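First comes the structure, then the notes that go with it.
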Amino acid sequence: MRSLLAAFILASAFSACQSNEKPATADDTKKDTMAATPATPPANNSLTAAEQADGWQLLFDGTSKKNWHVFKNLSDGSAWKVVDGTLHLDPAQRKDDKTVGGGDIVTDEEYDNFHLKVEWKLDSNGNSGIMFYVKEDPKIEKTYHTGPEMQVLDNAGHKDGKINKHHAGDLYDLISSSPETVRPVGQWNEAEIIAKDSTLEFYLNGAKVVSTKMWDDNWRKMIAGSKFKEWPTFGTFKSGRIALQDHGDPVWYRNIRIKRLK
């Protein structure tokens, strides 16, 4: 008798649970589908409302070279072209082993504490670089006489790929990046440089690859042991322009954005 009573109670409870369940509706299915759909990524060379509110500024709008000029205006910059939403160096025309209409391009404004984001890609065997704290002065001949560089390189194809501290993501000739996260030639790489007070950090494709202090004894010691030791102004400035390097190879940049840090 007790067994029959227990079975009756269980059957009644199960029936009650079933009666409380609501059948799935079209709205429920729609909600599930919307939840599973990934957010649409922002368009290239644009800022979201949240980024704008957070203080980010575009350095390249995808349609013009506004915000940029050739270092010391040594050329008309015609080799730097806006192509399909990218800032592209086309070194097809050369004279005396230099790009006609080329040269390193620099931002119109200077920056001290900043967070820079930029995407880049190269052709096979390509070489370029992203420099910062570059000073324009009649006494300073080249961008790299003042500005440290995050290397942009085809590690597998370019000869510098065989040289320590010359790989993509390295603090060029000063610190090797680790881990190695550069993507194959033809693919876009996402680079970030964060300079805050004396702290410098590099990120490549989401991974922190370099972290160091600037302007201390170790910084000066690294410079003294590098190719930059012959330029006393190198790595000494605490503000300056951002530069994209003309190394004589095709390179593409996009989504260049910067945030001033307090």
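Because the structure is predicted, anything quoted here is derived from the model rather than measured.
- For the side chain to side chain contact (heavy atoms under 4.5 Å, CB included) test, residues two or more places apart in sequence or in another chain that qualify with Ser64 are Asp61, Lys66.
- Val134 and Met150 fall within the same hydrophobic cluster, where Ile, Leu, Val, Met, Phe, Trp and Tyr residues are linked whenever their side-chain heavy atoms come under 4.5 Å apart, directly or through other members.
- Gln187 contributes no side-chain N or O that, together with a main-chain N or O of Pro184, makes up a donor-acceptor pair within less than 3.5 Å.
- A continuous path of hydrophobic side-chain contacts links Tyr144 to Trp215 [ILVMFWY only; heavy atoms under 4.5 Å].
- In this structure, CG on Asp249 lies 8.0 Å from CG on Asn125, to the nearest 0.5 angstrom.
- Residues passing the salt bridge (charged side-chain N to carboxylate O under 4.0 Å, His left out) test with Lys81, sequence neighbours excluded: Asp90.
- Listed for the Thr212 side chain is no donor-acceptor partner under 3.5 Å among the backbone atoms of Trp219.
- Residue pairs meeting the ring-ring contact (aromatic ring centres under 6.0 Å, His included) criterion with at least one partner in residues 44-82, sequence neighbours excluded, are Trp56-His115.
- No donor-acceptor pair under 3.5 Å is formed between the side chain of Thr146 and the backbone N or O of Phe234.
- In this structure a side-chain-to-backbone donor-acceptor pair under 3.5 Å is present from Thr181 to Leu204.
- Within the 4.5 Å cutoff, the side chain of Lys238 has no heavy atoms near those of the Asn113 side chain.
- Remark: side-chain polar atoms of Asp104 are not paired, donor with acceptor, to backbone N or O of Ala243 under 3.5 angstrom.
- In this structure, the side chains of Pro250 and His88 come closer than 4.5 Å at one or more pairs of heavy atoms.
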Notebook entry, point to check: Can you list the steps and then say if Arg260 with Glu109 is a salt bridge (charged side-chain N to carboxylate O under 4.0 Å, His left out)?
Noted result: CA-CA 12 Å; Arg260 294 184 186 271; Glu109 295 187 27; 2.7 Å; yes
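- Shown here are the side chain to side chain contact (heavy atoms under 4.5 Å, CB included) partners of Asn44, two or more places apart in sequence or in another chain: Arg254, Asn255.
- Val106 and Leu89 fall within the same hydrophobic cluster, defined by Ile, Leu, Val, Met, Phe, Trp and Tyr side-chain heavy atoms under 4.5 Å apart, directly or through other members.
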Practice item. Carefully, step by step, assess Tyr172 and His166 under the rule ring pair (Phe, Tyr, Trp, His ring centres under 6.0 Å). Key: CA-CA 5 Å; Tyr172 181 78; His166 286 202; 4.3 Å; yes
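- In this structure, the side chain of His247 does not engage the main chain of Gly126 through any donor-acceptor pair within 3.5 Å.
- Other residues, nucleotides and ligands contribute over 12 non-hydrogen atoms within 6.0 Å of the CD atom of Gln52.
- In this structure, the separation between CG on Asp112 and NZ on Lys196 is 9.5 Å, given to the nearest 0.5 Å.
- Trp252 shares a hydrophobic cluster with Trp188; the chain of contacts runs through ILVMFWY side chains whose heavy atoms sit under 4.5 Å apart.
- Under the 4.5 Å side-chain heavy-atom criterion for grouping Ile, Leu, Val, Met, Phe, Trp and Tyr, Met222 is connected to Met131 within one hydrophobic cluster.
- Relative orientation of the Phe132 and Phe202 rings is perpendicular, given thresholds of 30° and 60° on the angle between their planes.
- Rounding to the nearest 0.5 Å places CD1 of Ile242 at 9.0 Å from CD1 of Ile130.
- Without hydrogens or angle criteria, Asp246 side chain to Gly102 main chain gives no donor-acceptor distance under 3.5 Å.
- Checking side-chain atoms of Asp76 against main-chain N and O of Ser78 turns up a donor-acceptor pair under 3.5 Å.
- A heavy-atom distance below 4.5 Å is found between the side chains of Leu87 and Lys65.
- Across Ala168 and Val182, no two heavy atoms sit closer than the pair CB-CG2, 3.8 Å.
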Go through it in stages, so that I can follow the logic: the residues are Thr143 and Glu136, the test is side chain to side chain contact (heavy atoms under 4.5 Å, CB included), and I'd like the CA-CA distance, side-chain angles, deciding distance and then a yes or no.
CA-CA 8 Å; Thr143 53; Glu136 282 187 305; over 6 Å; no
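- Nearest approach of Lys72 to Asp137, heavy atoms of both residues: NZ-O, 3.4 Å.
- The two residues Tyr253 and Gly129 make their nearest non-hydrogen contact at OH-O, 3.6 Å.
- With no hydrogens or angles considered, no side-chain donor-acceptor pair links Thr107 and Asn67 at under 3.5 Å.
- Asp54 pairs by the salt bridge (charged side-chain N to carboxylate O under 4.0 Å, His left out) definition with Lys259, not counting sequence neighbours.
- For Lys98, the NZ atom is loosely surrounded, since the number of other residues' heavy atoms within 6.0 Å does not exceed 12.
- Under a hydrophobic clustering in which Ile, Leu, Val, Met, Phe, Trp and Tyr are joined whenever their side-chain heavy atoms come within less than 4.5 Å, directly or via other members, Ile258 and Val118 fall into the same cluster.
- We find the NZ-CD distance between Lys121 and Glu119 to be 10.5 Å, quoted to the nearest 0.5 Å.
- The side-chain heavy atoms of His167 and Glu180, taken from C-beta on, include a pair separated by under 4.5 Å.
- Residues Ser177 and Val210 share a closest heavy-atom pair of CA-CG2, 3.9 Å.
- Here the closest non-hydrogen pair linking Leu58 and Asn45 is CD1-O, 3.2 Å.
- Within a 6.0 Å sphere centred on CG of Asn73, other residues, nucleotides and ligands contribute more than 12 heavy atoms.
- In this structure the side chain of Phe228 never reaches within 4.5 angstrom of the side chain of Pro148, judged on heavy atoms.
- When all heavy atoms are compared, the tightest approach of Ile194 to Leu261 is CG2-CD1, 4.0 Å.
- Atom CG of Asn164 is separated from atom CD1 of Ile175 by 11.5 Å, given to the nearest 0.5 angstrom.
- Within the model, atoms CG of Leu244 and CD1 of Ile256 stand 5.5 Å from one another, a figure rounded to the nearest 0.5 Å.
- For Glu190, the salt bridge (charged side-chain N to carboxylate O under 4.0 Å, His left out) partners are Arg183, not counting sequence neighbours.
- Under the side chain to side chain contact (heavy atoms under 4.5 Å, CB included) criterion, Ala195 pairs with Phe114, Tyr133, Leu200, Met214, sequence neighbours left out.
- Annotation: salt bridge (Lys or Arg N to Asp or Glu O under 4.0 Å) contacts involving residues 160-173, sequence neighbours excluded, are absent.
- Residue pairs satisfying the salt bridge (Lys or Arg N to Asp or Glu O under 4.0 Å) criterion with at least one member in residues 138-156, sequence neighbours excluded, are absent.
- For Glu110, the side chain to side chain contact (heavy atoms under 4.5 Å, CB included) test picks out Lys135, Ser239, Arg241, with sequence neighbours left out.
- Pairs passing the salt bridge (Lys or Arg N to Asp or Glu O under 4.0 Å) check and including a residue from residues 203-218, sequence neighbours excluded, read Glu201-Lys208, Asp217-Arg220.
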